[in-house]
Amino acid sequence: MISKDIALGLFFLFQTGLGVLGNSFLLGLYTITFFTGPRLRPIDLLLTHLAFVNDLVLLSKGIPHTMSTLGLTNFLDDVGCKLIFYFHKVARDLSLCTTCLLSSFQAITLSPRNSWWAKLKVISPKCIVSLFLLCWAFNLLKNIMILAIIKGPLGNKNITDGQDYIYCFAPFPPPLNIAIHLLTVFLPDLLCIGLMLRTSGHMVFFLHRHHKRVQYIHGNNLTHSVSPETRATQTILLLVFLFVSFYSLNCILILCIPSGQSSWFFHISAFLAACFPACSSFVLIVSDSHVYKNFLTLWEKMIQF
């Protein structure tokens, strides 16, 4: 094994481990807070779900890819490859859906009382669990074709009518199946991306108008604190920006993979696919003041015991 493979494997191991650590911290914090108090915000349910599905994305992609870069290319059979690719795709799509729900929920929260969005303010917190179940059911069904396409590793066989993923293999489906796959996979993704951009534009407009109003009230020379609502909006906007950026770069790269013979395409694609799940938890830990408050409350209760 050459040294660059070891370095690459350690890099993916570090990325996966760091991301899982951050998401698991948020998942554990929100879960314990749910049972012990204080009462969680409706948006905290979305953040908990985002941390959970991001953990699934990292584990289903990071561990197999790390093992393959370290030279273990035949550790999965057909069933293992099908399950790994299937749950990775489902988790990745759920991460997209949850980020879209976060953006939409915050845009509804910020909407003025006289807008048509205001009618959703009362309804939206009650629909979060139902939306989770709907997203899970939809994405489990949408990606069912993966179970029929993905095969085990090639081993010593050299087959050119398919895509070699180093530790698994996918034969090229007929053109009709490709068209159906693109329609069922990319169309929902584009709709979610479009909705995120729409709601993000609404939030940017709100922040700009709020900033001008505060400047008018306080004057240009006076400092003023940032409200928790504004801080939460800025955090969600940053999450949306990161997701759209990494998703777009990865999609462009995936379109280039069939024409490229270098394994570095797959390594870069795996890195980009894991970037948002790995960094989103730390964005929330640093930017969301409620995470710090919940942690302090939990720490004080632990000290009392």
Side-chain angles (χ1 to χ4, degrees), residues 12-13 15-24 26-28 31 46-70 72-101 129 131-153 162-171 173 177 180-182 184-189 192 243 246-247 250-251 253-254 257 266-267 269-281:
F12 281 112
L13 182 62
Q15 185 191 38
T16 302
L18 190 66
V20 169
L21 180 65
N23 287 303
S24 298
L26 283 180
L27 185 60
T31 302
L46 291 167
L47 297 177
T48 305
H49 189 257
L50 181 64
F52 174 68
V53 296
N54 281 342
D55 260 347
L56 291 181
V57 173
L58 290 168
L59 292 173
S60 59
K61 188 71 172 181
I63 292 178
H65 205 84
T66 300
M67 295 176 68
S68 66
T69 54
L70 294 175
L72 303 173
T73 56
N74 295 312
F75 57 92
L76 291 173
D77 56 5
D78 275 359
V79 176
C81 282
K82 291 178 187 295
L83 293 178
I84 285 291
F85 269 75
Y86 178 67
F87 283 111
H88 169 72
K89 188 63 171 62
V90 170
R92 172 249 174 224
D93 289 348
L94 286 170
S95 181
L96 169 61
C97 288
T98 309
T99 308
C100 182
L101 289 175
V129 176
L131 289 172
F132 285 162
L133 296 176
L134 181 63
C135 288
W136 273 93
F138 176 74
N139 287 295
L140 286 171
L141 291 174
K142 185 186 77 169
N143 295 294
I144 201 73
M145 189 182 296
I146 293 177
L147 296 176
I149 294 176
I150 299 297
K151 306 294 182 183
Q163 190 65 63
D164 186 8
Y165 290 100
I166 304 177
Y167 53 91
C168 290
F169 176 76
N177 290 349
I180 295 174
H181 181 72
L182 290 176
T184 56
V185 171
F186 285 105
L187 183 58
D189 289 3
C192 285
F243 189 97
F246 290 127
Y247 177 86
N250 197 26
C251 284
L253 189 66
I254 287 174
I257 282 179
F266 298 102
H267 298 322
S269 177
F271 166 74
L272 291 174
C275 276
F276 177 78
C279 70
S280 60
S281 58

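If you read the sequence from its start, that first residue is 1, and numbering goes on from there. Only heavy atoms go into these numbers, but all of them, side chains included; no hydrogens, no water, no symmetry mates. Just so you know, these numbers come straight off a predicted model, no measurement behind them.
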> To the nearest 0.5 Å, how far apart are OH in Y86 and CG in N139?
Replying inline: 9.0 Å

>> Main chain of H65, side chain of S68: is a donor-acceptor contact present, judged purely on distance under 3.5 Å?
In response: yes

>> I'd like to know if the two cysteines, C168 and C81, have SG atoms within less than 2.5 Å.
In response: yes

> Judged by atom type as modelled, is there a donor-acceptor pair below 3.5 Å linking the side chain of T16 to the main-chain atoms of L13?
Replying inline: no

>> Testing the basics here: between V20 and D55, what is the closest heavy-atom pair and its distance to 0.1 Å?
In response: CA-OD1, 3.2 Å

> About how many Å separate NZ of K89 and CG of L94, when rounded to the nearest 0.5 Å?
Replying inline: 10.0 Å

>> Using side-chain contact (heavy atoms from CB on, under 4.5 Å), reason through S280 and N23 one step at a time and then give a plain yes or no.
In response: CA-CA 8 Å; S280 60; N23 287 303; 4.2 Å; yes

> side-chain contact (heavy atoms from CB on, under 4.5 Å) between I149 and F85: does it pass, once the steps are laid out?
Replying inline: CA-CA 10 Å; I149 294 176; F85 269 75; over 6 Å; no

> Taking only residues two or more places apart in sequence, or in another chain, which ones meet A273 in a side chain to side chain contact (heavy atoms under 4.5 Å, CB included)?
Replying inline: N250

>> Evaluate C135 against T98 for side-chain contact (heavy atoms from CB on, under 4.5 Å), listing each step before the verdict.
In response: CA-CA 9 Å; C135 288; T98 309; over 6 Å; no

>> Using 0.5 Å steps for rounding, measure from the CG atom of N143 to the CG atom of D93.
In response: 5.0 Å

>> In the structure I gave you, are the side-chain heavy atoms of F138 and C97 within less than 4.5 Å of one another anywhere?
In response: no

> Do any N or O atoms from the side chain of Q15 and from the backbone of A278 form a donor-acceptor pair under 3.5 angstrom?
Replying inline: no

> Going from OG1 on T66 to NZ on K61, what distance comes out if it is rounded to the nearest 0.5 angstrom?
Replying inline: 11.0 Å

> Can you tell me how far the CG atom of L26 sits from the OG1 atom of T48, to the nearest 0.5 Å?
Replying inline: 8.0 Å

>> Please find the pair of heavy atoms, one from V57 and one from P277, that lie closest to each other, and give the distance.
In response: CG1-CG, 3.7 Å

>> Check the orientation of W136 and F52. Use parallel for under 30°, tilted for 30 to 60°, and perpendicular for over 60°.
In response: tilted

> What are the two closest non-hydrogen atoms of L58 and G19, and how far apart are they?
Replying inline: CD1-C, 3.4 Å

> Salt-bridged, K82 to D78, with N to O below 4.0 Å?
Replying inline: no

> Should F132 and V53 be marked as a side-chain contact (heavy atoms from CB on, under 4.5 Å) after you check the CA-CA gap, both sets of side-chain angles, and the distance that decides it?
Replying inline: CA-CA 11 Å; F132 285 162; V53 296; over 6 Å; no

> Between F243 and C100, is any pair of side-chain heavy atoms under 4.5 Å apart?
Replying inline: no

> Where do S60 and L56 come nearest, in terms of heavy atoms and distance?
Replying inline: OG-O, 2.7 Å

> Between F12 and H267, how do the two ring planes meet: parallel, tilted or perpendicular, split at 30° and 60°?
Replying inline: tilted

>> Let me confirm one number: the CG-CG distance from L27 to L47, rounded to the nearest 0.5 Å.
In response: 11.5 Å

> Is it true that the side chains of S281 and N54 contain a donor and an acceptor less than 3.5 Å apart?
Replying inline: no

> With D189, which residues qualify under salt bridge (Lys or Arg N to Asp or Glu O under 4.0 Å), at least two apart?
Replying inline: R92, K142

